[in-house]
Amino acid sequence: MAQQFKRYTLTAALPYANGPKHIGHLAGAYLPADVYARYLRAQKRDVVFVCGSDEHGTAIANQAMKEGTTPQTIIDKYHELNKKSFEELGISFDIFHRTSSPLHHETAQEFFTNLNDRGLLTEEVSEQYYDAKAEAFLADRYIYGTCPNCGHDHAYGDQCEKCGKSLSPLELINPKSTLTNEKPVMRSTKHWYLPLDKYEPFLREWILEGHKNDWKTNVYGQCKSWIDGGLLPRAVTRDLDWGIKVPVKDAEGKVLYVWFDAPIGYISATKQWAIDNNKNWKDYWQSPDSKLVHFIGKDNIVFHCIIFPAMLHAHGDYILPQDVPGNEFMNLEGDKMSTSRGWSIEMHEYLHDFPNQPDLLRFTLMSILPETKDSEFTWKDFQAKTNNELVAIFGNFVNRTVVLTEKYFDSKVPEATDYTKEDLIVLQSIEAIVTRIEQAIEGYRMREAMAEALNLARLGNKYLADNEPWKLIKTDEKRVKTIMNISLQLCASLSIAWEPFLPFSTLKLKKMLGFDGTAWHLAKQTNNLATGHIITNTGLLFNKIEDTQIELQVQKLKAKAEAIAIATKVIAPIKPNVTFDDFSKLDIRIGTILEAERVPKTDKLLKLKIDTGIDQRTVVSGIAGSYDPKDIIGQQVSILVNLEPRTIKGIESQGMILMTENIAGKLSFVAPTNTDVEIGAEVR
RNA sequence: UGCGGGAUAGAGCAGUUGGUAGCUCGUCGGGCUCAUAACCCGAAGGUCAUUGGUUCGAGUCCAAUUCCCGCUACCA
């Protein structure tokens with residue numbers, strides 16, 4: 001099974017150029033891919049590691065419309081920002097291309113034409129909503145209207161956020177365009193489809209049988225779920241003016257669907273790299289002795305395991321991915337990461353706040369990569385891992401070794417003579433650990449690989465502690481020379497073995513050691529530094545993170561999320577005027593909560609018993625997200641008592657509790673501010 | 001609703017084909033002093049989400065349940 005490949009084609013998910021990318025993206029795809037790429041290069045294998053900005057699609061087009069700018073402005077901004085961030089974090093793409101490039105347009109069009117000319121795409125005409133003012137067809141998400149199920153007046157074309165029901169745009173009552181608030185019209189449109197159903201036998205054999213044992217369970221399971229669920233033809237074109245023109249006559253206003261063009265971006269990126277480096281791109285995409293690996297997050301599994309392989313298979317000239325190590329997601333301080341909600345650490349933000357310390361982030365993220373399940377990043381953990389592991393174990397061992405060498409041997413590598421049994425065990429352990437690192441990386445277990453690499457430094461610390469050269473120096477200098485020689489050789493091994501994880505720090509370490517080896521096998525050798533060779537103490541490899549630094553970050557995170565919440569909070573417009581008589585019809589009283597309990601099988605509902613002064617009645621209220629039942633017994637409330645009763649979850653609700661809501665969505669009772677108001681009092 | 005993944009010490013995670021529960025950090029105790037109060041040694045701490053089943057024996061297999069995450073096809 002261990003097939004030897006001549007070359008490796010590695011891809012990392014193309015970041016969508018509508019905004020900056022956060023550390024969750026980094027941990028999901030870019031970091032593991034980078035470790036793999038750097039490792040393979042150290043093994044002197046033939047590798048190309050490609051990525052680039054994904055710059056088409058309705059999201060960017062609409063964002064530009066809303067901001068009153070052009071899509072080009074947006075993609076230029078974020079392409080540059082993300083490219084720079086990746087560079088500064090040491091993500092070693094051989095090329096960071098972009099899908100707006102002419103070469104990509106050409107490549108994607110060729111791909112489409114190849115399939116279309118061979119009759120592998122089907123054409124279909126359907127009726128879709130069209131916004132005449134914006135001159136655009138509307139995706140389901142861009143239509144809103146009244147929900148036929150619950151009457152909510154701002155349900156979207158795909159789903160009502162209020163009652164959760166899945167909808168189609170046709171079901172919406174009084175549909176409106178989110179772009180212009182105009183009423184959309186039905187218009188017929190033609191699109192091209194990739195008949196995925198025809199590739200089901202191929203996918204079944206290739207994935208379900210061929211990769212049953214080597215793909216990750218989460219990836220395999222997801223694929224199986226899709227295939228077993230039945231595949232349908234999938235549109236590969238869209239009505240939009242932002243994107244790659246459909247290369248067919250009379251296809252005005254139609255572009256390739258972004259998910260058709262994006263993965264082809266891997267190919268065009270490789271083409272550009274090949275041009276720049278005098279290589280043949282086909283070797284990396286069309287030669288069976290090349291290994292193609294896609295690094296992605298779990299949201300991307302279906303596109304990289306089902307759709308893109310089906311496209312490649314349909315085309316026929318291409319190899320298929322050998323593996324798709326999809327990662328789960330990384331949470332942040334107890335909540336999902338989200339750029340739009342401001343609950344995120346963007347790559348450029350980290351780089352700004354921790355200048356020249358990309359390796360610290362790499363280290364912590366690597367140690368909590370969401371390889372088998374979702375994981376969580378906290379600033380406190382970042383501090384602890386940096387200080388207690390990276391600094392205390394790795395940094396400290398190097399520092400001890402360098403300082404002792406400086407002190408005892410004038411910074412010259414001393415000669416090793418007469419290895420003891422213990423010395424030999426240590427030297428063998430180095431080789432064994434490095435081998436384990438290899439195996440872990442080749443199996444995409446990057447977290448485990450780095451944990452092993454840390455053991456290499458632990459080995460060094462223990463070796464020094466066991467042999468106590470600072471004592472022996474008084475009695476047996478010859479023995480100390482051997483001990484320090486071995487310690488220094490171990491530092492050289494560290495500088496190779498850690499390079500995939502911490503490229504900046506290992507470079508610094510190599511400078512200190514005056515060692516310029518890069519080949520992986522050198523990590524197992526014990527004579528990388530020649531006797532008499534001079535080393536230079538250029539300072540500590542890593543610095544500790546202070547409490548104040550992380551406190552600042554936590555505050556900053558909270559402040560950012562809050563600022564965005566305020567900025568995006570829309571103050572509801574005033575409703576049409578009502579007469580005093582209209583208002584007088586409402587009978588609102590002050591009541592007290594007597595009993596409260598959760599309504600089973602619901603997230604938000606509480607069943608309340610209210611004393612209204614007139615009677616005691618049952619009210620079902622959607623406040624469980626904000627209040628614990630046991631905390632609100634005795635709470636005074638305002639209650640609308642003459643509301644028509646309504647049955648909710650089988651319970652008749654006789655009235656409505658008046659609530660208001662803050663930015664965070666937390667509900668609050670509207671009740672008298674004084675405690676001397678009697679139950680049953682009217683609110684006027 | 002359906003499907004996929006997850007639930008193991010205070011925290012973060014491993015646990016191969018079922019055979020006396022491991023690792024790192026944290027905590028506690030000790031040692032050492034070359035080192036960024038770092039390092040080394042040792043200890044405490046888990047009814048492996050719940051319930052039932054298969055088995056001589058289950059974290060590991062089966063069934064049901066609960067909770068978390070994702071997907072459910074045009075939201076990139």
Side-chain angles (χ1 to χ4, degrees), chain A residues 13-18 54-60 62 99 128 139-142 156-159 164-166 191 193 196 216-226 228-238 257-262 297-303 306-307 326 328-329 331 336 364 367-378 380-381 384-385 387-389 391-393 395-408 445 447-448 451 454-455 457-458 460-473 480 484 487 539-544:
Chain A
L14 302 186
Y16 197 59
N18 68 338
D54 175 8
E55 304 178 295
H56 298 130
T58 49
I60 283 173
N62 290 333
T99 61
Q128 282 193 7
D140 292 357
R141 189 59 186 273
Y142 290 100
Y156 290 98
D158 54 348
Q159 192 181 32
K165 186 173 167 55
S166 294
H191 283 294
Y193 288 75
L196 279 179
K216 291 175 59 168
T217 49
N218 60 337
V219 174
Y220 181 87
Q222 194 62 243
C223 292
K224 187 170 188 311
S225 162
W226 278 83
D228 288 347
L231 299 166
L232 296 174
R234 192 170 170 110
V236 299
T237 56
R238 281 287 181 285
Y257 180 31
V258 65
W259 269 114
F260 184 85
D261 102 56
K298 66 176 160 185
D299 51 333
N300 265 333
I301 290 172
V302 65
F303 295 100
I306 307 277
I307 299 173
E328 303 285 310
F329 285 167
N331 295 320
K336 270 191 244 188
T364 291
S367 69
I368 56 171
L369 290 182
E371 290 176 339
T372 54
K373 59 185 163 193
D374 290 357
S375 65
E376 172 154 336
F377 179 97
T378 65
K380 197 159 166 276
D381 197 37
K385 283 187 187 297
N387 294 357
N388 303 336
E389 299 185 44
V391 171
I393 298 168
N396 196 227
F397 170 65
V398 170
N399 189 241
R400 298 169 86 182
T401 303
V402 170
V403 168
L404 286 173
T405 306
E406 220 171 10
K407 208 177 271 187
Y408 300 153
R445 299 186 306 274
R447 213 174 44 197
E448 181 187 323
L454 198 59
N455 282 337
R458 279 202 182 87
N461 278 317
K462 183 165 161 50
Y463 179 68
L464 286 178
D466 289 348
N467 288 283
E468 302 183 303
W470 48 89
K471 279 187 181 167
L472 278 179
I473 191 68
V480 174
M484 294 320 298
S487 298
L540 301 169
L541 280 184
F542 315 103
N543 292 307
K544 290 197 166 190

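It should be emphasised that the depicted structure is a prediction, and the values quoted were computed from it without experimental measurement. Worth knowing before you read on, the calculation uses all heavy atoms, side chains too, and leaves out hydrogens, waters and symmetry mates. The chains referred to below are lettered A, B, ... by the order of the sequence lines, with proteins before strands, and numbering in each begins at 1.
Interatomic distance, OG1 of T378(A) versus NZ of K385(A), reported as 9.0 Å (0.5 Å rounding). Here F542(A) contributes atom CZ and E389(A) contributes atom CD; the two are 12.0 Å apart, rounded to the nearest 0.5 Å. Atom CD of E448(A) and atom CG of L369(A) lie 12.0 Å apart (nearest 0.5 Å).
Per the geometry, CG belonging to L196(A) stands 14 Å off P belonging to rU72(B), to the nearest Å. A straight line from CD1 of I306(A) to P of rG4(B) spans 14 Å, rounded to a whole angstrom. Note: CZ (R234(A)) to C1' (rC75(B)) measures 12 Å, nearest angstrom. rA73(B) atom C1' lies 8 Å from atom CG of L232(A), rounded to whole Å. Atom CG in N387(A) sits roughly 16 Å away from atom C1' in rU24(B) (whole-Å rounding). Whole-Å rounding puts the Y193(A) OH to rA73(B) C1' distance at 11 Å. In this structure, the CG atom of N331(A) is 19 Å from the P atom of rC67(B), given to the nearest Å. Summarising the geometry, the separation between CH2 on W226(A) and P on rG70(B) is reported as 15 Å, rounded to the nearest angstrom.
Comparing rC61(B) with rU72(B), their C1' atoms sit 29 Å apart, to the nearest whole Å. Atom P of rC25(B) sits at a distance of 8 Å from the matching atom of rC40(B), rounded to the whole Å. Annotation: rU27(B) and rG10(B) have their C1' atoms spaced 9 Å apart (nearest Å). Remark: the separation of the C1' atoms in rC48(B) and rG59(B) is 5 Å, to the nearest Å. With P as the reference atom, rG57(B) and rU65(B) are 26 Å apart, rounded to whole Å. With P as the reference atom, rC3(B) and rC62(B) are 16 Å apart, rounded to whole Å. Look at the P atom in both rU8(B) and rG15(B): the space between them is 14 Å, to the nearest Å. When the C1' atom is compared between rC39(B) and rU20(B), the two are found 34 Å apart, to the nearest whole Å.
Under a 4.0 Å N-O distance rule, the pair D374(A)/K298(A) qualifies as a salt bridge.
Side chains of D381(A) and I368(A) form a contact here, defined as non-hydrogen atoms less than 4.5 Å apart. Looking at T372(A) and E328(A), their side chains never come closer than 4.5 Å, going by heavy atoms from C-beta outward. Between T237(A) and F260(A), every side-chain heavy-atom pair lies at or beyond the 4.5 Å cut-off. Side-chain contact between I393(A) and F397(A) is absent, with no heavy atoms from C-beta onward closer than 4.5 Å. Looking at N399(A) and L541(A), their side chains never come closer than 4.5 Å, going by heavy atoms from C-beta outward. With a 4.5 Å cut-off on side-chain heavy atoms, L464(A) and T401(A) count as touching.
In RNA chain B, consecutive stretches of 3 or more Watson-Crick or G-U wobble pairs with both distances under 3.5 Å are given as paired ranges: B:2-7 with B:66-71, B:10-13 with B:22-25, B:27-31 with B:39-43, B:49-53 with B:61-65.
Counting only N and O atoms by type, the side chains of R458(A) and N455(A) include a donor and acceptor under 3.5 Å apart.
Contact annotation for E389(A): backbone-only contact, meaning every heavy-atom pair under 4.0 Å involves sugar-phosphate atoms and none involves a base. At the heavy-atom level, L541(A) lies under 4.0 Å from base atoms of the strands shown. Residue-level contact check: F329(A) touches the backbone only, with heavy atoms under 4.0 Å from sugar-phosphate atoms and none from bases. Within the nucleic acid shown, T401(A) has no heavy atom closer than 4.0 Å to any nucleic acid atom. Residue contacts shown for V391(A) include a base, since a base heavy atom lies under 4.0 Å away. Across all strands shown, I301(A) has no heavy atoms under 4.0 Å from either base or sugar-phosphate atoms. Within the nucleic acid shown, A451(A) has no heavy atom closer than 4.0 Å to any nucleic acid atom. Here G230(A) lies in heavy-atom contact (under 4.0 Å) with a base. When heavy atoms are screened at a 4.0 angstrom cut-off, N396(A) is found touching base atoms of the nucleic acid. Contact annotation for R458(A): backbone-only contact, meaning every heavy-atom pair under 4.0 Å involves sugar-phosphate atoms and none involves a base. Within 4.0 Å (heavy atoms only), Y220(A) reaches no atom of the nucleic acid at all. Among the heavy atoms of the strands, none lies under 4.0 Å from K224(A).
Looking at Y16(A), its side chain does come within 3.5 Å of a backbone N or O of H56(A) through a donor-acceptor pair. Although no hydrogens or angles enter the test, the distance criterion places no donor-acceptor pair under 3.5 Å between the side chain of K544(A) and the main chain of V391(A). Using modelled atom types, no side-chain atom of T99(A) and backbone atom of D54(A) make a donor-acceptor pair closer than 3.5 Å.
Using a 4.0 Å cut-off, no side-chain N or O of N399(A) falls inside it from OP1 or OP2 of rC34(B). The phosphate of rA35(B) has OP1 or OP2 within less than 4.0 Å of a side-chain N or O from K407(A).
Taking every side-chain heavy atom of R400(A) into account, rC34(B) is the closest of rU36(B), rC34(B), rC25(B). Considering only the side chain of A59(A), rC75(B) comes nearest among rA38(B), rC75(B), rU36(B).
When each of D299(A), N300(A), I306(A) is tested with V302(A) by the rule side chain to side chain contact (heavy atoms under 4.5 Å, CB included), just one qualifies, namely I306(A).
Within residues 461-471 of chain A, the residues that have a heavy atom under 4.0 Å from RNA chain B are, in order of number, N461(A), K462(A), A465(A), W470(A), K471(A).
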Any protein N or O atoms within reach of nucleotides 5-13 of chain B? Criterion: under 3.5 Å, listing atom names and distances.
from, atom 1, to, atom 2, distance (Å)
rC13(B), O3', R447(A), NH2, 2.6

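Along RNA chain B, the nucleotide nearest K336(A) and the nucleotide nearest E371(A) are compared for position; the residue whose nucleotide lies closer to the 5' end is E371(A). RNA chain B is contacted by both Y16(A) and P233(A); P233(A) maps to the nucleotide lying nearer its 5′ end (nearest heavy atom per residue).
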